[in-house]
Amino acid sequence: MNQDVVVLAAGKGSRMKSNKSKVLHNIAGVPMIRRVLDTATTLANVNLHLIVGHQGDTVAKACQSFEANLVWQNNPKGTGDAVKRAVDSLDPDGMTLTLYGDVPLIRSETLQKMASLANDNTLVLLTVVLESAQGYGRIVRNEAGKVTAIVEQKDASEAEEKIKEANTGILLAPNQKLIPWLSQLKCNNAQGEYYLTDVIAMAARDGVEIVTVHPSSEAEVSGVNDKIQLAQLERELQKNQAEILMAEGLTLADPARFDLRGKLKIGMDCQVDVNCIFEGDVELGDNVSIAANCHLKNCVIGDNTVISSNTLIENSQVGDNCNLGPFARLRPGSELAEGAKIGNFVETKKAIIGKGSKISHLSYVGDTQMGEGVNVGAGTITCNYDGVNKSLTQIGDGVFVGSNTSLVAPVEIGEGATIAAGSTVTKTVNKDQLAFARARQTNKDNWPKPVKKKS
Ligand code: UD1
Ligand code: CA
């Protein structure tokens, strides 16, 4: 059966105190609304309908890749009104699942459980028993324990307010019934809104069976209304991700100080110290060790590589047995072969570094092709930019670059060549040559030292 999924995202979210739409705030690097849509697409035969209003264009753009049916809800008049606006696009013989753009941690397993219970004469409701159901709609049951209605907090009697079973807002209903129910909704309630939750009483009235399902945790159905709740769900998701990785064998110095905003693939015996951030797609080989405060984004790290603290790596590839940092920065396009070393305060960009080559201290190597076994002295700079264009520096195998050298690109240094310290190299250096490109030292005998003037 076709499943229409209506995702409500028209709200303003004023408590976020932000110019950005609430549903576009990130949880673990992904906008909340995209998390919800991602989860929805794990279900079979899904038609997505996205209800937008406040900042609708921006929300729609951020969700473009899902190709959802975009439904505008200007002048929103409640959750029932929101779903009603999608009615014309619903499959008359299908089912509708409602999801909220600001309830980002809902799990596919829970939705699948709901789907497995659905049929033409059943409404499936996701409810949760809370210590305090403050703010939530309450699930009203009769003596036989059957659900008969949902009352919103603002419309609840004193007795109803004491009910601990809360409405999560997520429900699954057959369209043959839902569509007429939606047209019967009234707004004669405390908030003057069309409540989607009023369809529950209609279902009970029409003899439709109402079954309830519970989530695996409270976080799964928690909504985000402010930055405090946003941070709480962020930590919740980070904790879950950390636990999955630890179960796969990752050693984390402190799972509470670990952030993954994307996907992390690990080999055997990898260890990660505190405060590291992994972004995008990161892949670690076996036995990789990462010290504190490192930030790795879209990169592959080879076996046995040691990354010392405060190292940043972005869109780069690092081979086996490499040594990075502390305080190294690999910018996009850095490719390190086996056994390479990038030491402290070294920045690389679009740089191919050959096997066993070392750039140990205080250097910038950009737009460079470097061979094997090269030793680059401290303070070496590739001058790759003339203010308009970028040019290439080529360094052959076994080259020795003395400290404080400027390599003015385009320039080529042949295999086995040596560059004297302090050189500014502007011309090709051939194989096995020694290049001096600095003023010669002159020494003067008996140099009269300056004396301080009397004032
Ligand atoms: C709703 C439920 C309540 C439930 C709670 C769970 C109703 C009437 N009440 O209450 O039973 O316990 O969620 O969190 O359904 N939205 C729109 N258009 C609208 C109104 C809302 O898109 O016209 C969106 C909001 O942006 C939000 C979601 O729907 O993402 C929920 O709306 P909200 O006003 O927060 O509903 P609650 O009062 O919390
Ligand atoms: Ca809410």
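Any value given below was found using the heavy atoms of this structure, including those in side chains, with hydrogens, waters and symmetry copies removed. These numbers were taken from a predicted model, which means no experiment stands behind them.
Looking at Gln153, its side chain does come within 3.5 Å of a backbone N or O of Gly135 through a donor-acceptor pair. Without hydrogens or angle criteria, Ser406 side chain to Thr424 main chain gives no donor-acceptor distance under 3.5 Å. Between the side chain of Asp281 and the main chain of Asn298, no donor-acceptor pair closer than 3.5 Å is present. Ser423 contributes no side-chain N or O that, together with a main-chain N or O of Val425, makes up a donor-acceptor pair within less than 3.5 Å. Between the side chain of Asn175 and the backbone N or O of Leu178, no donor-acceptor pair lies under 3.5 Å. Although no hydrogens or angles enter the test, the distance criterion places a donor-acceptor pair under 3.5 Å between the side chain of Arg138 and the main chain of Tyr136. Side-chain atoms of Arg85 come within 3.5 Å of backbone N or O of Asn74 as a donor-acceptor pair. Distance alone, capped at 3.5 Å, is enough to place a donor-acceptor pair between the Lys22 side chain and the Val224 backbone. Within the 3.5 Å criterion, the main-chain N or O of Lys154 finds no donor-acceptor partner in the side chain of Gln191. Under the 3.5 Å distance criterion, the side-chain polar atoms of Thr110 are left unmatched by any main-chain donor or acceptor of Ser108.
If you check the side chains of Asn293 and Ser309, you find no donor sitting under 3.5 Å from an acceptor. Counted by atom type alone, Thr197 and Asn167 present zero donor-acceptor pairs between their side chains at under 3.5 Å. For the 3.5 Å distance criterion, the side chains of Glu236 and Gln232 fail to qualify, holding no donor opposite an acceptor. Residues Asn47 and Asp91 bring no donor and acceptor atom of their side chains to less than 3.5 Å of each other. Under 3.5 Å, the side chains of Asn287 and Asn304 contain a donor-acceptor pair of N or O atoms. In this model, a donor atom of one side chain and an acceptor atom of the other lie less than 3.5 Å apart for Tyr364 and Asn384.
Here the closest non-hydrogen pair linking Gly302 and Asp320 is CA-OD1, 3.3 Å. The shortest non-hydrogen separation linking Gly137 to Glu152 is CA-OE2, 3.8 Å. When every heavy atom of Asp397 is checked against every heavy atom of Gly371, the shortest pair comes out as OD1-CA, 3.2 Å. Between Asn26 and Pro31 the shortest heavy-atom distance is OD1-N, 3.1 Å. Here the closest heavy-atom approach between residue Gln238 and residue Phe258 is recorded as OE1-O, 3.7 Å. Heavy-atom minimum distance, Ile413 versus Ala417: CG2-CB, 3.8 Å.
The local environment of CG in Asn75 is sparse, with at most 12 non-hydrogen atoms from other residues, nucleotides or ligands closer than 6.0 Å. Summarising the local packing, NZ of Lys227 is surrounded by more than 12 heavy atoms from other residues, nucleotides or ligands at distances under 6.0 Å. Applying the 6.0 Å contact sphere to NZ of Lys265 captures no more than 12 heavy atoms from other residues, nucleotides or ligands. Other residues, nucleotides and ligands contribute only 12 or fewer heavy atoms inside 6.0 Å of the CE atom of Met268.
Pro410 is not listed as a side-chain neighbour of Leu392, based on a closest heavy-atom distance of 4.5 Å or more. Looking at heavy atoms from C-beta onward, Val365 lies out of side-chain contact with Thr393 at the 4.5 angstrom threshold. Looking at Met370 and Val399, their side chains never come closer than 4.5 Å, going by heavy atoms from C-beta outward. Counting heavy atoms from C-beta on, the side chains of Met16 and Leu230 come closer than 4.5 Å. Counting heavy atoms from C-beta on, the side chains of Leu296 and Cys276 never come closer than 4.5 Å. Residues Ile33 and Leu50 are in side-chain contact: their nearest non-hydrogen atoms beyond the backbone lie under 4.5 Å apart. Side-chain contact between Leu196 and Leu182 is present, with heavy atoms from C-beta onward closer than 4.5 Å. In this structure, the side chains of Val83 and Leu8 come closer than 4.5 Å at one or more pairs of heavy atoms.
Rounded to the nearest 0.5 angstrom, Thr127 OG1 and His214 NE2 are separated by 4.5 Å. The structure places CG of Leu172 at 9.5 Å from OG of Ser116, a figure rounded to the nearest 0.5 Å. A distance of 7.0 Å separates CD of Glu220 from CG of Leu126, quoted to the nearest 0.5 Å. With values rounded to the nearest 0.5 angstrom, Leu70 atom CG is found 10.0 Å from Gln64 atom CD. The OG atom of Ser308 lies 8.0 Å from the CG atom of Leu324; values are rounded to the nearest 0.5 Å. The CG atom of Leu99 sits 11.0 Å away from atom OG1 of Thr96, with the distance rounded to the nearest 0.5 Å.
With respect to Arg107 and Glu109, a salt bridge is recorded, a charged nitrogen being found less than 4.0 Å from a carboxylate O. Looking at Glu279 and Lys297, a side-chain N of the basic residue comes within less than 4.0 Å of a carboxylate O on the acidic one, giving a salt bridge. Ion pairing between a basic and an acidic side chain is recognised when a charged N comes within 4.0 Å of a carboxylate O; Lys390 and Asp367 show no such pairing. A salt bridge is defined here as a Lys NZ or Arg NE, NH1 or NH2 lying under 4.0 Å from an Asp or Glu carboxylate O, and Asp38 with Arg34 fails to meet this definition.
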- prompt: Given Arg235 and Asp259, is the side chain to side chain contact (heavy atoms under 4.5 Å, CB included) satisfied, shown in steps?
  reply: CA-CA 9 Å; Arg235 280 342 300 166; Asp259 287 85; 3.0 Å; yes
Chi angles and distances behind the side chain to side chain contact (heavy atoms under 4.5 Å, CB included) call for Trp72, Val52: CA-CA 5 Å; Trp72 281 87; Val52 295; 3.9 Å; yes
- request: Evaluate the criterion side chain to side chain contact (heavy atoms under 4.5 Å, CB included) for residue pair Leu330 and Leu336; output intermediate values, then yes/no.
  value: CA-CA 10 Å; Leu330 271 56; Leu336 276 53; 4.1 Å; yes
- prompt: Could you walk me through whether Lys113 and Val124 pass the side chain to side chain contact (heavy atoms under 4.5 Å, CB included) check?
  reply: CA-CA 10 Å; Lys113 193 160 105 193; Val124 188; over 6 Å; no
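Using bins of under 30°, 30° to 60° and over 60° for the plane-to-plane angle, the ring pair Phe345/Phe327 lands in the parallel bin.
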